[in-house]
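Below, chain A is the first sequence line, B the second, and so on; all start at residue 1. Note that the structure is predicted; figures quoted are calculated from it, not measured. Quick note: numbers below take in every heavy atom, side chains included, and nothing from hydrogens, waters or symmetry partners.
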Number of protein chains: 2
Amino acid sequence: MAGTARICSITNALAVVGERWSILALREIFFGQRRFDQIVAGTGASRDILATRLRTLVEAGVVTKELYEEHPPRYEYVLSESGEQIAPILLALMEWGNRYVTEGAPPTVFRHSCGAELHAETVCGHCRAPIRPGDSTVVRLGEVTPA
Amino acid sequence: MAGTARICSITNALAVVGERWSILALREIFFGQRRFDQIVAGTGASRDILATRLRTLVEAGVVTKELYEEHPPRYEYVLSESGEQIAPILLALMEWGNRYVTEGAPPTVFRHSCGAELHAETVCGHCRAPIRPGDSTVVRLGEVTPA
DNA sequence: GAGAGTCAGTTGGATTTCACAACTGACTTC
DNA sequence: GAAGTCAGTTGTGAAATCCAACTGACTCTC
């Protein structure tokens with residue numbers, strides 16, 4: 001680090017869900033893949049780091065472990081309330097990836113409860129208009145503080 | 001890696017903008033901090049990795065370098081079209097961080113062009129309703145493929 | 001009831017990346 | 001001409017990652 005950093009909720013969010021394998025693990029759980037081996041296969045993470053990432057996600061309260069088999073005791077990973085609320089992050093990443101990185105048709109498709117194919121859009125919570133480049137102005141930036 | 005991984009636009013997006021210091025650099029540029037030393041100070045990244053991150057972002061076309069001084073030649077970093085479109089990702093991270101990690105008031109505040117304080121919401125592009133946990137169903141998941 | 005299979009991790013060792021501080025180079029300002 | 005600014009680069013030690021193989025607790029099959 002360079003001695004200073006900005007106080008910002010983006011930094012704070014990344015500290016919890018910002019690691020590569022953490023986000024991918026959350027994606028798999030969001031996709032309904034709840035078990036360790038499924039998450040390994042879906043993310044491509046090595047078992048050891050995935051185990052530590054899941055542990056920190058559980059400690060952070062983003063994910064909970066639920067018993068699905070008694071003998072031997074086995075747990076599956078379920079999104080908590082805060083975990084469910086990462087959907088906007090995942091969907092924003094997916095939309096961006098679809099548009100600017102992935103070639104061809106989107107590999108993953110969701111349907112919204114309204115019946116339409118889901119394409120997430122980000123809107124202003126007040127006026128409900130889509131957010132476009134240049135229509136947001138900074139009122140206050142988090143301070144840049146030493147250490 | 002574990003030999004397999006899912007084909008998914010989230011993975012693809014993360015390959016381009018998923019590194020910790022990459023997202024934070026994009027945040028700083030989004031916040032209007034366009035110069036190397038400003039980005040160093042705002043992110044807290046060490047100069048060497050930040051330099052390589054910015055280089056890969058430029059190569060990926062997410063950011064461009066624009067000359068702002070001739071003698072000596074100095075460049076500042078500006079979001080390209082695809083770079084501007086990471087706003088939903090940044091705003092989703094910020095909202096989540098505000099809600100679940102940051103203690104106290106949000107450190108960073110934006111105003112939307114409608115006049116209200118900006119709080120991003122993610123909606124279904126078709127019916128415009130906010131996306132809630134459980135109202136999206138999987139139509140197709142990207143394949144899990146070897147290596 | 002012995003051997004194979006399933007599942008969720010853990011362990012050990014090589015490799016890669018990262019962090020930090022100091023340095024270069026091209027200039028401008030005092 | 002000495003000091004300052006700005007954008008990086010370099011070198012080195014510390015830390016994180018990757019991979020494959022292993023453990024442990026069971027169940028299922030022959």
- Message: I'd like to check the ring-ring contact (aromatic ring centres under 6.0 Å, His included) partners of A/Tyr75; sequence neighbours left out, ordered by chain and number.
- Response: none

- Message: Strictly below 4.0 Å: does A/Trp21 bring a side-chain N or O up to OP1 or OP2 of D/dT17?
- Response: no

- Message: Applying salt bridge (charged side-chain N to carboxylate O under 4.0 Å, His left out) as the test, list every pair that has at least one member in residues 127-139 of chain A; sequence neighbours left out.
- Response: A/Arg128-B/Glu121

- Name all pairs fulfilling the salt bridge (charged side-chain N to carboxylate O under 4.0 Å, His left out) condition that reach into residues 96-116 of chain A, sequence neighbours left out, sorted by first residue then second. A/Glu95-A/Arg99

- With heavy atoms under 4.0 Å as the rule, sort A/Glu19 into base, sugar-phosphate or nothing. sugar-phosphate

Set out, line by line, the N/O atom pairs under 3.5 Å between protein and nucleotides 12-14 of chain D.
none

- Note on the structure: Taking pairs as Watson-Crick (N1-N3 plus N6-O4 or O6-N4) or G-U wobble (N1-O2 and O6-N3), each distance under 3.5 Å, the stems of three or more consecutive pairs with DNA chain C are C:1-30 with D:1-30

- Query: Which pairs, with at least one residue in residues 136-146 of chain B and sequence neighbours excluded, count as a side chain to side chain donor-acceptor pair (under 3.5 Å)?
  - Reply: none

- Message: Looking at A/Tyr68, I'd like to know whether one of its side-chain N or O atoms comes within less than 4.0 Å of OP1 or OP2 on C/dT6.
- Response: no

- Pair listing, salt bridge (charged side-chain N to carboxylate O under 4.0 Å, His left out) test, anchored in residues 70-83 of chain B, at least two apart: B/Arg34-B/Glu76, B/Arg35-B/Glu76, B/Glu69-B/Arg74

- Query: Closer than 4.0 Å, any side-chain N/O of A/Arg55 to the OP1 or OP2 of C/dT10?
  - Reply: yes

- B/Val123: which other cluster members, linking ILVMFWY side chains closer than 4.5 Å, directly or transitively? A/Val123

- Message: Any residue in residues 8-17 of chain A with a heavy atom nearer than 4.0 angstrom to DNA chain D? Just list them by number, or reply none.
- Response: none

- Task: Rounded to the nearest angstrom, tell me the gap between atom CD in A/Gln38 and atom C1' in C/dG9.
- Result: 15 Å

- Message: Measuring to OP1 and OP2 of D/dT17, would you say a side-chain N or O of A/Arg53 lies under 4.0 angstrom away?
- Response: yes

Would you list the protein and nucleotides 27-30 of chain C atom pairs, both N or O, that sit under 3.5 Å from each other?
| residue | atom | partner | partner atom | Å |
| --- | --- | --- | --- | --- |
| C/dC27 | O3' | B/His71 | O | 3.2 |

- Nucleotide C/dG9, atom C1' - distance to CD1 of A/Ile39 in whole Å: 12 Å

- Whole angstrom is fine here: how far is it from CG in B/Asp37 over to C1' in D/dT9? 14 Å

- Can you name the residues that form a ring-ring contact (aromatic ring centres under 6.0 Å, His included) with B/Tyr100, not counting sequence neighbours? B/Trp96

- Query: For A/Asp48 and C/dT10, what is the distance between atoms CG and P respectively, to the nearest whole Å?
  - Reply: 9 Å

- Task: For A/Phe36, check ring-ring contact (aromatic ring centres under 6.0 Å, His included) against everything at least two apart and list the hits.
- Result: none

